[in-house]
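Values in this document were obtained by computation on a predicted structure and should not be read as measured data.
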Amino acid sequence: MSESRPRQARRRRLPERKRIALIAHDGKKGELLAWAERWRDTLAQHELLGTGTTARRVADRLGLAVEGLMSGPLGGDQQIGARITEQRLDLLVFFWDPFAPQPHDPDVKALLRLAALWNVPVACNMASADFLLSSPHLAEAVDIEIPDADDWISSRS
């Protein structure tokens, strides 16, 4: 039987200008908007994307360019997950609502699984998002370890 996880890790360089996804469930959109306003100047130095209404509301409120993807329940979470697997996302800020069941909970779980697998820094609330954005690593190129997918695929052949 083949190994259930990649045997080797390889390095990936996160650029100085990070690609940051902003996501919030309906019950957390106001909280994410208030947080983003406080960090507007920092966020302006990076490339932003987000799902559905969150992306539009952040762009409108902050006056920043935010690439809008589909709403989470319509596949936006999966679009963010694809960016993670393609190594085209550097940070995930996802204010999810622990009190409201979501019809797309399996998609949320899959997104968080991909972020963990590909070693993408994740913030799920204001405190963790503050820590991420106040990190000295935010504005510098940083090497992280990610799975060696090619090695894993070749070991399974």
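Note: the hydrophobic cluster containing Leu112 does not contain Phe95 (ILVMFWY, side chain heavy atoms under 4.5 Å, direct or indirect links). Under a hydrophobic-cluster definition in which Ile, Leu, Val, Met, Phe, Trp and Tyr are linked whenever side-chain heavy atoms come within less than 4.5 Å, directly or via other members, Leu89 and Leu48 are assigned to different clusters. Hydrophobic clustering of Ile, Leu, Val, Met, Phe, Trp and Tyr side chains at less than 4.5 Å, counting indirect connections, keeps Leu133 apart from Leu92. With hydrophobic clusters built from ILVMFWY side chains whose heavy atoms lie under 4.5 angstrom apart, Leu62 shares a cluster with Trp39. Under a hydrophobic-cluster definition in which Ile, Leu, Val, Met, Phe, Trp and Tyr are linked whenever side-chain heavy atoms come within less than 4.5 Å, directly or via other members, Leu32 and Leu111 are assigned to different clusters.
In plain terms, the two heavy atoms of Val122 and Ala115 that are nearest each other are CG2-CB, 3.5 Å. Nearest approach of Ile80 to Ala21, heavy atoms of both residues: CD1-CB, 3.7 Å. Residues Gly68 and Ala55 come closest through the heavy atom pair CA-CB, 3.8 Å. The minimum heavy-atom distance linking Ala141 with Arg13 is given by the pair CB-CD, 4.0 Å.
Put simply, the side chain of Ile146 reaches to within 4.5 Å of the side chain of Gln87, judged on heavy atoms. Between Val58 and Arg56 the shortest side-chain heavy-atom distance does not fall below 4.5 Å. Looking at Asp105 and Lys109, their side chains never come closer than 4.5 Å, going by heavy atoms from C-beta outward. Contact annotation: the side chain of Trp35 approaches that of Leu22 to within less than 4.5 Å [non-hydrogen atoms, C-beta and beyond].
In summary, Lys28 and Glu31 engage in a salt bridge, as defined by a charged side-chain N under 4.0 Å from a carboxylate O. Using a 4.0 Å cut-off between a side-chain N of Lys or Arg and a carboxylate O of Asp or Glu, Asp60 and Arg57 do not qualify as a salt bridge. By the 4.0 Å N-to-carboxylate-O rule, Asp130 lies close enough to Arg38 to be salt-bridged with it. With respect to Glu67 and Arg83, a salt bridge is recorded, a charged nitrogen being found less than 4.0 Å from a carboxylate O.
Judged by distance alone, the side chain of Thr54 and the main-chain N or O of Gly50 form no donor-acceptor pair under 3.5 Å. Between the side chain of Asn119 and the backbone N or O of Glu145 there is at least one donor-acceptor pair closer than 3.5 Å. Judged by distance alone, the side chain of His46 and the main-chain N or O of Arg17 form no donor-acceptor pair under 3.5 Å. Proximity of a side-chain donor or acceptor of Ser135 to a complementary backbone N or O of Leu132 within less than 3.5 Å is not detected. Judged purely by atom type and a 3.5 angstrom limit, Gln79 uses its side chain to pair as donor or acceptor with the backbone of Met70. Here the side chain of Lys18 pairs a donor or acceptor atom with the backbone of Leu138 at under 3.5 angstrom. Asp90 places a side-chain N or O within donor-acceptor distance of the main-chain N or O of Arg19, the cut-off being under 3.5 Å.
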For this session: Under the side-chain contact (heavy atoms from CB on, under 4.5 Å) rule, what do Glu37 and Leu33 come out as? Steps first, then yes or no, please.
Result: CA-CA 6 Å; Glu37 279 186 314; Leu33 288 169; 5.8 Å; no

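No donor-acceptor contact under 3.5 angstrom links the side chains of Thr53 and Lys29, judged on distance only.
Ring planes of Phe94 and His25: perpendicular class, angle over 60° (limits at 30 and 60°).
Rounding to the nearest 0.5 Å places CG of Leu69 at 12.0 Å from CG of Leu74. Taking CZ of Phe131 as the reference point, atom CE of Met126 lies at 14.0 Å (rounded to 0.5 Å). The line from CG of Leu64 to CD of Glu47 is 12.5 Å long, rounded to the nearest 0.5 Å. One finds the CG atom of Leu91 at 7.0 Å from the CG atom of Leu14 (value rounded to the nearest 0.5 Å). With rounding to the nearest 0.5 angstrom, the SG atom of Cys124 is 12.0 Å from the CG atom of Asp97.
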